[in-house]
K.L.:
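Below is a structure I'd like to ask you about.
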Amino acid sequence: MASSAADAPSTALGPLQFAAGGWLRRGREALETRLEAERDQLPLWVPVMFGGGISAWFVLPDSNQWVAALLLLGALALLGIALGRGGRAGRALAIAAVTAALGLGLIWGHATRVMAPVLAHPTVAAFEGRIEAVAPLPARGLVRVRLAPIGDVGMPPHVRVNIAEQDVPAGLATGAVIRLRGWFMPPPEASVPGAYDFARIAWFDRLGATGRAFVPVTLVSAGASPGSALRARLSAHIQGEVAGGPGAIAAALATGDQGAIGAEDAEAMRRAGLAHLLSISGLHVTAVVGATMLIVLKLLALSPMLALRLRLPLIAAGAGAVAAVGYTWLTGAEVPTIRSCVAALLVLLAIVIGREALTLRLVAAGALLVLLAFPQSLVGPSFQLSFAAVTAIIALHEHPRVSAWFAARGDGAARRLGRELLALLLTGLVVEIALAPIALYHFHRSGVYGALANIVAIPLTTFIVMPAEALALGFDAVGLGAPFWWAVDHALRLLLWIAHRVADAPGASAALPAMPDGAFGLMVAGGLWIALWRTKWRRLGAVPLAIGAAWALATPAPDLLITRDGQHLALATPEGLALLRERAGDYTRTTLAENSGVTGAPLAMADLADARCSPDLCIADHQAGGRTWRIAAIRSNNFVDYDALIRTCTDADIVVSPRGLPRACRPRWLRLDRQTLARTGGVAISLANGRIVTVRRPGADQPWRDPPTIAPPRGRHATMDVRSTGSKSIGERGTKAGL
């Protein structure tokens, strides 16, 4: 009996164990069958997993979690090896884990390798520096210069400074040495959650300070950079032939120099979904390579001897490769242009070896090469937008049903034109859908009519503007370029007309407040799942895509946005976004509006019916979450009575101050003063649910958050230290306190 009782549990669990084992076996067989059907698509996930490891380093806050992620990936790789006997699933898991670990390790090592000191605090400094790069910004009346300070002057090894156009000395060029004095500050981090994080960009660019030069700027020794000089001369020549906004865009198309494009034209192009035409990318490199190959092929084919004895397509491909590299060099060899050049070279290589040129494998190879060289580019909008667009286009046209719809059938010219226009419209719609989450995540705004605008804008730019501009530059050598410049001028005027009309149309752009990282990650994962697989299980990607989209749309706009210095506060009201300081600069106003998901012009908090403002203080009552919140914000540096300050704090739910507040200042819910904001960075608050999001996460270990610093020595080189300017703490009871 005892033996029978002991065997009872085993007998009872036997059927369950058998059922579980059978379920696992059938699940594994189904997975193996699916992976076997998708075997040609599996290599496409290598750069995705590599990028996933890079993303994990940016998302996880500190080195302990980076190490934990590497250990977890190592465990998954070993599990995959153990399960990989005779099947694809285990091998795929092992390769994915190892690839992700390599991506995480690469970006971690790269971030450590580029480490350079950052300016310790805002200061006025004077020094000599060698120019590393010059970027004219005519639309802003500035020339932006990257410098390497010479000698032990207490400045970071690389500095960026803006110089007013009228103050630029003659002979300013790469390699020159200049002497200047100016105002410098550390690269600023994101002012509020979701805003542009210049500190991160500067870290990977080894840029330790940014500022503006005072008069005079003296040229100590001349320098010369053939590439930059040619680029500057070419831009000036183009703008001399084509005036105004069209000339600025023509210069951008030829040299990548966008500095002359006016703010209104740039905003119109962005709202119309045409901003991609302004940055040198795949479209421009493709046009240059295609035109070069066509011209070389046609010219060489004029000789029967060459046509019979040489493989002219190979020679044309070689000429296209030279043109791609030369165009990349001419336009400044920026990361997006290098990325496009690499993709073009891969396409040319495929043509030379007789393989299909435009495939997702080619895109995957290009993405992997770029991430190996510039791993930090993964989290930037340029990489994401360009590869998302190309992936969406190729995935769409590789679909059997779509390729059958638009395949050539020997139709007449009218039907063929209609089919091509329909293909262009469908492609534009798919690209807009693919790019919308990325644009909303990074810029909090996305063009709605971009697909329609691009139907005209892309052919106009590719087949009229760029060829006409190339012919104009060529015929200028013999003084006959005027007719072609006339064509460029009028074509670009049409492009700008389209951009402004589309941008001014009702509902031209969709705005969304800063979305959670998780929502964006789900949408990206779902989109990749749909694009990279070929069998029916690709439809499963719609699940994370829909969840991420719903999460992003359901995320409420913050009621309060406070910048990292406490100087600026934005309050969301039914009338619109209200700013604490109505004289806030354009950049601050735009940043606060975009991260609040607001498209209209901000209001002044002093004009609100539920606010009482003096030159020193604003107190506003705000309805949220079924109650009234009282918000008090300091807005000046004037002195006020200590007792009045304490009474204000006691009556308020939230107090915001750019200075330190005394301990006796105890609002009912939240106090954000200089010391608190130094720890948190910018803050976004949703009062309905009490959700607080900060730029700085507790314990975050990304190197640009707490970088090594360097301070200019006092005396000859540093004339003023402004660490405490505007940051005085409030005194103790019985004294006056600076607010």
Side-chain angles (χ1 to χ4, degrees), residues 138-139 231 234-295 323 327 330-331 337 340 389 417 420-421 423-425 427-428 431 447 449-505 508:
R231 185 185 184 194
L234 189 57
S235 293
H237 174 74
I238 293 171
Q239 293 175 61
E241 297 291 339
V242 182
I249 294 179
L253 294 176
T255 67
D257 181 7
Q258 300 184 36
I261 300 175
E264 291 185 2
D265 289 342
E267 177 66 14
M269 295 287 285
R270 186 165 69 94
R271 286 173 59 87
L274 303 178
H276 64 95
L277 298 176
L278 301 179
S279 59
I280 302 300
S281 59
L283 175 67
H284 309 82
V285 175
T286 299
V288 169
V289 171
T292 302
M293 290 182 64
L294 179 63
I295 293 172
Y327 187 54
L330 176 64
T331 54
T337 317
S340 301
L417 177 61
E420 291 174 354
L421 289 176
L424 187 59
L425 176 60
T427 302
V431 169
Y449 308 134
L452 296 175
N454 277 288
I455 288 178
V456 178
I458 291 178
L460 180 67
T461 303
T462 306
F463 300 116
I464 297 179
V465 175
M466 295 192 69
E469 189 168 353
L471 290 171
L473 291 171
F475 277 93
D476 272 350
V478 291
L480 299 176
F484 301 103
W485 287 123
W486 179 89
V488 171
D489 184 24
H490 284 73
L492 289 176
R493 288 184 186 278
L494 175 60
L495 178 66
L496 285 173
W497 181 86
I498 293 171
H500 283 279
R501 290 299 175 273
V502 172
D504 294 339

K.L.:
Please report the closest heavy-atom contact between Ala487 and Ala468, naming both atoms and the distance.
P.N.:
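For Ala487 versus Ala468, the nearest heavy atoms are CB-CB, 4.4 Å.
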K.L.:
Please give me the minimum heavy-atom distance between Glu469 and Ala254, naming the atom from each residue.
P.N.:
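In this case the closest contact between Glu469 and Ala254 is OE2-CB, 3.3 Å.
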K.L.:
Mind checking side chain to side chain donor-acceptor pair (under 3.5 Å) for Thr427 and listing every partner two or more places apart, or none if nothing turns up?
P.N.:
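Thr427 satisfies side chain to side chain donor-acceptor pair (under 3.5 Å) with His397 only.
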K.L.:
Quick one: pull up CD1 in Ile261 and CE in Met269 and give me the separation to the nearest 0.5 Å.
P.N.:
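One finds 7.5 Å between CD1 of Ile261 and CE of Met269.
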K.L.:
Supply the atom-to-atom distance Trp485 CH2 to Ile238 CD1, rounded to the nearest 0.5 angstrom.
P.N.:
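Reported to 0.5 Å precision, the distance equals 4.5 Å.
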K.L.:
Are Val465 and Leu253 side-chain neighbours, meaning at least one heavy-atom pair lies under 4.5 Å?
P.N.:
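They are in side-chain contact.
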K.L.:
Nearest 0.5 Å please: distance from the CD atom of Gln239 over to the CG atom of Leu234.
P.N.:
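If we round to the nearest 0.5 Å, Gln239:CD and Leu234:CG are 10.0 Å apart.
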K.L.:
What closest approach, in Å, do Ala272 and Ala499 show between heavy atoms, and which atom pair accounts for it?
P.N.:
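In terms of heavy atoms, the two residues are closest at CB-O, 3.7 Å.
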K.L.:
Of all heavy-atom pairs between Gly245 and Leu496, which one has the smallest distance, and what is that distance?
P.N.:
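Looking at all heavy atoms of both residues, the closest pair is C-CD1, 3.9 Å.
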K.L.:
Which one of Val488, Thr461, Leu460, Leu471 satisfies the side chain to side chain contact (heavy atoms under 4.5 Å, CB included) criterion with Met466?
P.N.:
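For Met466, the side chain to side chain contact (heavy atoms under 4.5 Å, CB included) check succeeds only for Thr461.
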K.L.:
Quick one, Asp476 and His237 - any side-chain contact, counting heavy atoms below 4.5 Å?
P.N.:
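Heavy-atom side-chain distance check passes, below 4.5 Å.
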K.L.:
Looking at CG of Leu274 and CD1 of Ile458, how far apart are the two atoms once the value is rounded to the nearest 0.5 Å?
P.N.:
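These two atoms lie 8.0 Å from each other.
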K.L.:
Rounded to the nearest 0.5 Å, how far apart are NE2 of His500 and CZ of Arg271?
P.N.:
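Spacing of NE2 (His500) from CZ (Arg271) equals 11.5 Å.
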K.L.:
I need the Asp489 CG to Glu241 CD distance, nearest 0.5 Å.
P.N.:
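Atom-to-atom, Asp489:CG and Glu241:CD are 10.5 Å apart.
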